[in-house]
2 protein chains.
Amino acid sequence: MIATMARAATTSDVFNAIAEPQRREILVLLRAGERPVTELAQELGMTQPGASKHLRVLREVGLVRDRRAGKQRLYCLDARGLRPVHEWTGGFERFWNESFDRLDAYVQGLRPTGNTE
Amino acid sequence: MIATMARAATTSDVFNAIAEPQRREILVLLRAGERPVTELAQELGMTQPGASKHLRVLREVGLVRDRRAGKQRLYCLDARGLRPVHEWTGGFERFWNESFDRLDAYVQGLRPTGNTE
DNA sequence: TTGACGCATGCTGATATGGGCATATGATCG
DNA sequence: CGATCATATGCCCATATCAGCATGCGTCAA
């Protein structure tokens, strides 16, 4: 393993897990309660295998848990893993609240990412 | 664009930008104030080209801005882009605060009293 | 102008990823 | 047991990504 390691495995980090838009959508959907794979896949317009793969990643970082229910497997949210992310970003709160010296003016013409959900 | 698109470009999404541990470290360092590339590279134990590349990604999603200062190029934080992330994760706050009905028990590594609802 | 310095880029190699698809695995029912 | 739904996996492909290295480019000093 002198390898070059292109990137830390997505499966090992919550930050990476939620870097995927579709995985974020899954999490949002699961706020409404546990759901079987097929239903999630359908509501998000992805294939069943696709949903399963994303769910696996989410499960491996602990953001979701699964439970057997007959033939189905119900996935439910375990958002505790998101807390570190919330806190980490929170560490920058004062930097977007305080109107920087001249930062505000400087950046006036920029367009924030604005990707809210 | 018939492509299979393996993943949304990192450069287009803040979530992706902060999925990289080293980039997060850069952001943390920049809270202390603007810094030239070489200094960042040195403090984070990465090569100068490496730092430049990460800084580029951060710049393209708007998390940092740069300013010429003689031969140097000073990078400074613009954390506003982190706000959406903070808010998105915040949308899950109640899920890690409220002690779920039986979630708490369930997850604490034990079996519920057979009370499966 | 010539260097030296500071930083950005381009290129390569190894690997991680996500999507599509076919198929294995599991569980339920007749 | 065999048929069938519900999921998980394995494979392949195209692409994204990261690290290392060499090099291009702009700036400042002599």
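Labels below follow one simple rule: chain letters A, B, ... track the order of the sequence lines, proteins then strands, and each chain is numbered from 1.
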Requested in this report: May I have the distance from Arg59(B) (atom CZ) to dT9(C) (atom P), rounded to whole angstrom?
Outcome: 6 Å
Requested in this report: Please report, rounded to the nearest Å, how far the P atom of dA27(C) is from the CZ atom of Arg67(A).
Outcome: 15 Å
Query raised in the report: Are Arg65(A) and Glu34(A) within salt-bridge range, i.e. N to O under 4.0 Å?
Result: no
**Report entry** Nearest-angstrom distance from the residue atom NE2 of His54(B) to C1' of dA19(D)
**Finding:** 8 Å
Report summary line: Looking only at dA8(C), dT9(D), dA8(D), the nucleotide nearest the Arg56(A) side chain is dT9(D)
Query - For Leu30(B) against Cys76(B), the heavy-atom pair lying closest together - result: CD1-C, 4.2 Å
Query raised in the report: Short question: side chain of Arg24(A), backbone of Ile18(A) - any donor-acceptor pair under 3.5 Å?
Result: yes
Query raised in the report: Any chance the side chains of Tyr75(B) and Arg59(B) put a donor and an acceptor closer than 3.5 Å?
Result: yes
Report task. Classify the angle between the aromatic ring planes of Phe15(A) and Trp88(A) as parallel (below 30°), tilted (30 to 60°) or perpendicular (above 60°). Result -> perpendicular
**Report entry** Interatomic distance where CG belongs to Asp66(A) and P belongs to dT9(D) [whole Å]
**Finding:** 10 Å
Query raised in the report: Expressed in angstrom and rounded to an integer, what is the separation of Gln22(A) atom CD from dT17(C) atom P?
Result: 15 Å
Query - side chain to side chain contact (heavy atoms under 4.5 Å, CB included) between His54(A) and Met46(A), intermediate numbers included - result: CA-CA 10 Å; His54(A) 283 310; Met46(A) 53 176 116; 4.0 Å; yes
Query raised in the report: Can Gln48(A) and Ser52(A) be counted as having a side-chain donor-acceptor contact under 3.5 angstrom?
Result: yes
Query - First encountered from the 5' end of DNA chain D, between Ser52(A) and Lys53(B) - result: Ser52(A)
Requested in this report: Kindly determine whether Val61(B) and Asp13(B) satisfy side chain to side chain contact (heavy atoms under 4.5 Å, CB included), including the steps that lead there.
Outcome: CA-CA 6 Å; Val61(B) 298; Asp13(B) 183 350; 5.8 Å; no
**Report entry** Under the side chain to side chain donor-acceptor pair (under 3.5 Å) test, residues paired with Glu25(B) that sit two or more places apart
**Finding:** none
Report task. Let me have a per-nucleotide readout for nucleotides 25-30 of chain D, 5' to 3', with B, S or -, counting only protein heavy atoms under 4.0 Å. Result -> -SBS--
Requested in this report: Using heavy atoms and a sub-4.0 Å distance, could you list which residues of residues 41-50 of chain B are near DNA chain C? By number, please.
Outcome: Gln48(B), Pro49(B)
Requested in this report: Please report, rounded to the nearest Å, how far the C1' atom of dA16(C) is from the CD atom of Glu60(A).
Outcome: 14 Å
Report task. Calculate the interatomic distance between Phe15(A) atom CZ and dT17(C) atom P; express it in whole Å. Result -> 16 Å
**Report entry** Length of the line joining Glu34(A):CD and dT7(D):P, which is rounded to integer Å
**Finding:** 12 Å
